[in-house]
Amino acid sequence: MPNRYQDVYPSKPLLDSAELTRPCAADLLTLEYFEAAPAAMPARVFAQHHVLLNLRAAPTRVENVRDGVHRDFIFAQDEIVVTPAGMRSGWRWHERSQVIVVTLEPEALERFARREVGVLLSDRQLREHPQFEDPDLCRAAVHVRDALASRDLGSELLYESLARVFLVKLLQRVGEPLDAAPDGAAGLDAQQYKKVLDFVAAHFHRQIAVEELATEAALSPAHFSRVFKRTIGESPHRFVMSYRVEKARALLADPDLPLTSIALRCGFSDQAHFSRTFKAHQGETPSAYRAALAR
C-alpha cells in the first residue's frame with residue numbers, strides 16, 4: 001500500500017534531489033549486536049534485508065527455516081547468513097548466540113550499490129548467497145559495532161566511513177559489477193581501513209601526509225588513494241579535512257574557546273585556513289556557526 005506522497009503522484013518528477021544527494025551508508029544500515037540465551041524466533045516476512053554475522057568462536061547448532069525449507073546445521077565463526085526482503089525466515093538457537101545483525105533498506109541499498117560501488121543488486125543475487133564464510137566482512141562489521149560502543153570512535157564521520165567499508169565489501173561479494181572494477185578497487189581489507197581511520201583520529205591535530213596513511217595500509221600512496229576514494233567516497237585529504245571540521249564543530253560549542261585555539265587544536269595552519277575550510281564544508285563561517293549554536 002502506498003505510504004508516500006511520491007507513490008501516488010500521477011507522473012515522475014522532472015527534478016529529484018535524491019539523484020543529487022550522495023546516499024549515506026549510516027542512513028541505510030542498522031546494526032545490532034546480540035548475546036542471547038538459546039531461544040527461537042518464529043518465521044516472519046520482513047520488508048528489509050537482514051545480514052546475520054556469527055562471531056561466536058565455538059561452533060553453534062542452529063535451525064533456520066527459509067521459505068519453508070528447514071535446515072539444521074552447525075554455525076561456524078565468521079559465517080554469514082543473508083535473508084533477502086520478502087523471504088519467510090525463522091530461527092532456533094540451541095546454544096548462546098553472539099551475532100551481529102545488519103538490517104538494510106532494499107531501495108536505498110540498491111541505489112547505493114549502483115551509484116557508489118558500481119554494482120547491480122537484486123533479490124536473485126541475494127538469494128544465491130544464502131550462507132558463506134567471510135572473516136574480513138565480519139571484521140568490518142565488528143569495527144562498525146565498536147564505533148557504536150566507543151566514544152573515541154563514535155563520531156559521525158568515522159561511523160559513516162566504517163559503515164561504508166562494510167557495505168562496499170558486502171556488495172562486492174554479492175553484487176554484479178556494472179563494468180570491470182578499476183585497478184585496486186578491492187585492495188584493502190577491513191583491518192587496513194581500521195588502522196587508517198584510527199591513525200586519522202589520533203593525529204588529526206597535525207599535518208598528515210597521504211604517505212603516512214598509505215604506510216598504515218602497507219600500500220603505495222597512489223594505490224592507496226584510489227582504493228580509499230572508491231570505498232570512503234572522498235579523497236584521503238578531504239576525509240582528513242572533514243574529520244577536522246567535525247572536531248572543530250564540537251569545540252565551537254564552548255563560547256570561551258578562541259577560534260585561533262580551535263584552529264590549532266584541529267590541525268589547521270592558522271585561523272584563516274580554519275575559516276576557509278570550515279565554510280567550504282559547512283556552508284558558513286565558524287563564527288556564524290557558533291552564533292547559531294548560541295541562539
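- Both V142 and V168 belong to a common hydrophobic cluster when Ile, Leu, Val, Met, Phe, Trp and Tyr are linked at side-chain heavy-atom distances under 4.5 angstrom.
- Under the 4.5 Å side-chain criterion, counting only non-hydrogen atoms from C-beta, R265 is in contact with L251.
- Note that CG of L171 and CZ of R164 are 10.5 Å apart. Values are rounded to the nearest 0.5 Å.
- The aromatic rings of F228 and F224 sit tilted relative to each other, their planes meeting at an angle between 30° and 60°.
- Using a distance-only test at 3.5 Å, with no hydrogens or angles considered, no donor-acceptor pair links the side chain of R88 to the main chain of D67.
- Contact between P286 and L259 at its shortest, heavy atoms only, is CB-CD2, 4.1 Å.
- For Q98 (side chain) and N54 (main-chain N/O), no donor-acceptor pair under 3.5 Å exists by modelled atom type.
- For the atom pair I80 CD1 and D134 CG, the distance stands at 5.0 Å (nearest 0.5 Å).
- Heavy atoms of other residues, nucleotides or ligands lying less than 6.0 angstrom from CZ of R66 number more than 12.
- Between Y243 and I208 there is no side-chain heavy-atom pair separated by less than 4.5 Å.
- For R56, the salt bridge (Lys or Arg N to Asp or Glu O under 4.0 Å) partners two or more places apart in sequence, or in a different chain, are E95.
- When every heavy atom of A141 is checked against every heavy atom of L31, the shortest pair comes out as O-CD1, 3.7 Å.
- Side-chain contact check for S161 versus F239: some heavy-atom pair is nearer than 4.5 Å.
- Here M41 sits in one hydrophobic cluster together with F34, L52, V62, F73, F75, V81, W91, W93, V99, V101; the rule is ILVMFWY side chains under 4.5 Å apart, joined directly or through other members.
- Proximity of T30 to V102: side-chain heavy atoms (C-beta onward) are nowhere separated by under 4.5 Å.
- Side-chain contact check for T103 and Q48: no donor-acceptor pair (N or O, by modelled atom type) lies under 3.5 Å.
- Taking the side chain to side chain donor-acceptor pair (under 3.5 Å) definition, one finds that E110 meets it with R114, sequence neighbours left out.
- Residues L121 and A113 come closest through the heavy atom pair CB-CB, 4.3 Å.
- In this structure, the side chain of R244 engages the main chain of F204 through a donor-acceptor pair within 3.5 Å.
- Contact record, A47 with A85: O-CB, 3.3 Å, taken as the closest heavy-atom pair.
- Applying the ring-ring contact (aromatic ring centres under 6.0 Å, His included) rule to H273 yields the partners F268; only residues at least two apart in sequence or on another chain are considered.
- Remark: R145 pairs with no residue by the salt bridge (Lys or Arg N to Asp or Glu O under 4.0 Å) rule, at least two apart or across chains.
- V196 and Y159 fall within a single hydrophobic cluster, where Ile, Leu, Val, Met, Phe, Trp and Tyr side chains are chained together by heavy-atom contacts under 4.5 Å.
- Taking every heavy atom of both residues into account, L137 and L170 meet most closely at CD1-N, 3.7 Å.
- For E35, the side chain to side chain donor-acceptor pair (under 3.5 Å) partners at least two apart in sequence or on another chain are Y33.
- Using a distance-only test at 3.5 Å, with no hydrogens or angles considered, a donor-acceptor pair links the side chain of E79 to the main chain of A76.
- A salt bridge does not link R139 to D146: none of the charged side-chain nitrogens sits closer than 4.0 Å to a carboxylate oxygen.
- Pairs passing the salt bridge (charged side-chain N to carboxylate O under 4.0 Å, His left out) check and including a residue from residues 203-216, sequence neighbours excluded, read R206-E212.
- In the hydrophobic clustering, where aliphatic and aromatic side chains (Ile, Leu, Val, Met, Phe, Trp, Tyr) are joined below 4.5 Å either directly or transitively, V69 stands alone.
- Closest non-hydrogen pair, Q191 versus D136, comes out as N-OD1, 4.3 Å.
- Looking only at side-chain heavy atoms (C-beta outward), R44 and S89 stay at 4.5 Å or farther from each other.
- Partners of R71 by side chain to side chain donor-acceptor pair (under 3.5 Å), not counting sequence neighbours, listed by chain and number: N64, Q131.
- Among residues two or more places apart in sequence or in another chain, the salt bridge (Lys or Arg N to Asp or Glu O under 4.0 Å) test is passed with D254 by none.
- L162 has its side chain out of reach of Y193: every pair of non-hydrogen atoms, C-beta onward, lies at least 4.5 Å apart.
- Listed by chain and residue number, nothing satisfies the salt bridge (Lys or Arg N to Asp or Glu O under 4.0 Å) test with E133 (two or more places apart in sequence, or in another chain).
- Using a 4.5 Å heavy-atom cutoff, the side chains of H281 and R238 are in contact.
- Between K247 and H205 there is no side-chain heavy-atom pair separated by less than 4.5 Å.
- At a threshold of 4.5 Å between side-chain heavy atoms, the hydrophobic network of Ile, Leu, Val, Met, Phe, Trp and Tyr places L252 and L264 in two separate groups.
- Under the 4.5 Å side-chain heavy-atom criterion for Ile, Leu, Val, Met, Phe, Trp and Tyr, M87 and V51 are members of distinct hydrophobic clusters.
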For the pair H94 and E63, evaluate side chain to side chain donor-acceptor pair (under 3.5 Å) and give the outcome as yes or no after the intermediate values.
CA-CA 8 Å; H94 292 269; E63 295 178 71; 2.6 Å; yes
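- Partners of S97 according to the side chain to side chain donor-acceptor pair (under 3.5 Å) rule, which considers only residues two or more places apart in sequence or in another chain, do not exist here.
- Hydrophobic clustering keeps V200 apart from F274 (ILVMFWY residues linked when any side-chain heavy atoms are closer than 4.5 Å, directly or through intermediates).
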